[in-house]
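First the structure, in the form of structure tokens, and then the observations on it.
Note that the structure is a prediction, hence the values are computed from the model and not measured. Order of appearance sets the numbers: ligands from 1, and atoms from 1 within every ligand. Side chains included, hydrogens not; waters and symmetry mates left out as well; all remaining heavy atoms used.
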Amino acid sequence: MAKRLRIAVQKSGRLSEISLSLLEECGIKLKNNGKGTLLASASNFPLDILYLRDDDIPQYVEDGTADLGILGENVVAESGVIVKTLKKLDFGRCRLSLAVPRNVDYQDLNWFNGKRIATSYPNLLKKFMVENHIKAEVHTISGSVEIAPNIGLADAICDLVSSGSTLLSNGLKEVEILFKSEAVMVANQNIDAAGLQILNKLLFRLDAVMTAKNNKYIILNAPNESVSGIISVLPGIKSPTVVPLAAKGWSAIHSVLNEEQFWDVIDDLKSKGAQGILVIPIEKMIV
Ligand code: PRP
Ligand code: ZN
């Protein structure tokens with residue numbers, strides 16, 4: 001049978017949907033992908049998808065039951081497994097933070113000495129406490145950590161914060177950040193040569209999709225005398241394309257702009273005489 005790779009993704013939670021749409025954007029089509037499925041296969045790429053609780057993914061990848069995994073760096077770090085981190089995926093950003101009841105007059109880390117902290121991240125928390133010479137009692141609980149202070153189970157919590165709304169609605173405030181995280185792709189350390197060939201194809205597609213997401217295609221019109229001024233503020237992959245318009249004395253300029261430079265450059269362009277600026281998403285980009 002031809003070699004296939006198996007990738008573990010979160011079954012349900014913050015990362016599940018985006019993980020799957022990323023694979024889809026890489027042109028990977030899934031068959032038998034109904035609700036309750038544990039394993040789905042791609043019909044047009046040698047890849048199978050294994051749906052797991054995110055906390056279980058590190059172990060599956062370390063022992064090779066899955067070759068690859070998409071999960072938060074926080075889960076990898078907490079698990080302490082040995083896997084290869086191949087790529088940051090630019091979604092699922094969050095932080096592991098210490099939070100205390102809103103009415104606490106918090107000054108510094110010393111506050112935590114002698115306190116009880118509830119968390120699902122005991123390993124990362126204990127490491128942080130050692131590094132910062134804090135002596136607190138760590139209570140490991142597996143879910144709904146944020147309610148622990150309200151029910152008298154703990155004085156503080158150490159949990160993931162993304163938007164901050166969970167803390168807010170439980171009367172807590174974030175006071176220290178231990179760890180910043182985003183979704184990553186990890187791999188088992190012993191993927192064989194045939195597997196690596198598939199992996200490289202997948203990584204190539206991921207790069208194309210992610211680069212495209214960070215860039216926009218831009219088209220604008222300008223009188224010929226403004227063209228050189230406009231080009232000077234446009235980066236472009238190599239250099240911008242300039243084509244004459246049907247209207248005499250006018251040109252269209254095409255280029256690619258990075259998301260981060262975007263608004264600054266748009267202002268510059270307008271002041272240098274650009275008109276009719278169109279900004280278009282790019283689906284795939286191979287540089
Ligand atoms: C985290 C965390 C909070 C929530 C914070 O859970 O435990 O409940 O997200 O997000 P917010 O700041 O946007 O409110 P997550 O969805 O990662 O689930 P899990 O820990 O069970 O995997
Ligand atoms: Zn989890």
Closest protein heavy atom to atom 1 (C) of ligand 1, given as residue, atom name and distance to 0.1 Å: Leu160 CB, 3.9 Å
Ion pair Asp67/Arg6, N-O distance below 4.0 Å: no
Under 4.0 Å to a heavy atom of Val161 - the qualifying atoms of ligand 1, by number: 12 (O)
Non-hydrogen side-chain atoms of Leu125 and Leu98 separated by less than 4.5 Å: yes
N/O separation below 3.5 Å, Tyr121 to ligand 1: no
Identity of the N, O or S atom of Asp55 lying closest to the Zn ion (ligand 2): OD1
Protein non-hydrogen atom found under 4.0 Å from atom 18 (O) of ligand 1: no
Any Gly13 heavy atom less than 4.0 Å from ligand 1: no
Protein residue, atom and distance nearest to atom 22 (O) of ligand 1, heavy-atom basis: Asp54 OD2, 3.2 Å
Region of Asp159 engaging ligand 1 - heavy atom pairs below 4.0 Å: side chain
Polar contact flag for Ser165 and ligand 1 (N/O pairs, less than 3.5 Å): yes
Under 3.5 Å donor-acceptor, Ser21 side chain and Glu17 backbone: yes
Ionic contact status for Arg205 with Glu25, cut-off 4.0 Å: no
Atom of Asp54 nearest the Zn ion (ligand 2) (restricted to N/O/S, atom name only): OD1
Per-atom contact, atom 7 (O) of ligand 1, protein heavy atoms, under 4.0 angstrom: yes
Ionic contact status for Glu137 with Lys115, cut-off 4.0 Å: no
Side-chain heavy-atom pair Arg95, Glu174 within 4.5 angstrom cut-off: yes
Residue and atom name of the nearest protein heavy atom (relative to atom 16 (O) of ligand 1), distance in Å to one decimal: Arg14 NE, 3.3 Å
Check: Cys94 and Lys180 side chains under 4.5 Å, non-hydrogen atoms: no
Heavy-atom side-chain proximity of His254 to Tyr217 below 4.5 angstrom: yes
Phe112 and Tyr106 aromatic centres sub-6.0 Å: yes
4.0 Å protein heavy-atom contact status of atom 12 (O) of ligand 1, strictly under: yes
Heavy-atom nearest neighbour in the protein, as seen from atom 14 (O) of ligand 1, with distance rounded to 0.1 Å: Thr166 OG1, 2.5 Å
Ser163: numbered ligand 1 atoms lying under 4.0 Å from its heavy atoms: 11 (P), 12 (O), 13 (O), 14 (O)
Which of the ligand 1 atoms, numbered from 1, are nearer than 4.0 Å to a heavy atom of Gly164: 11 (P), 12 (O), 13 (O)
salt_bridge(Asp192, Lys3) N-O dist < 4.0 Å: yes
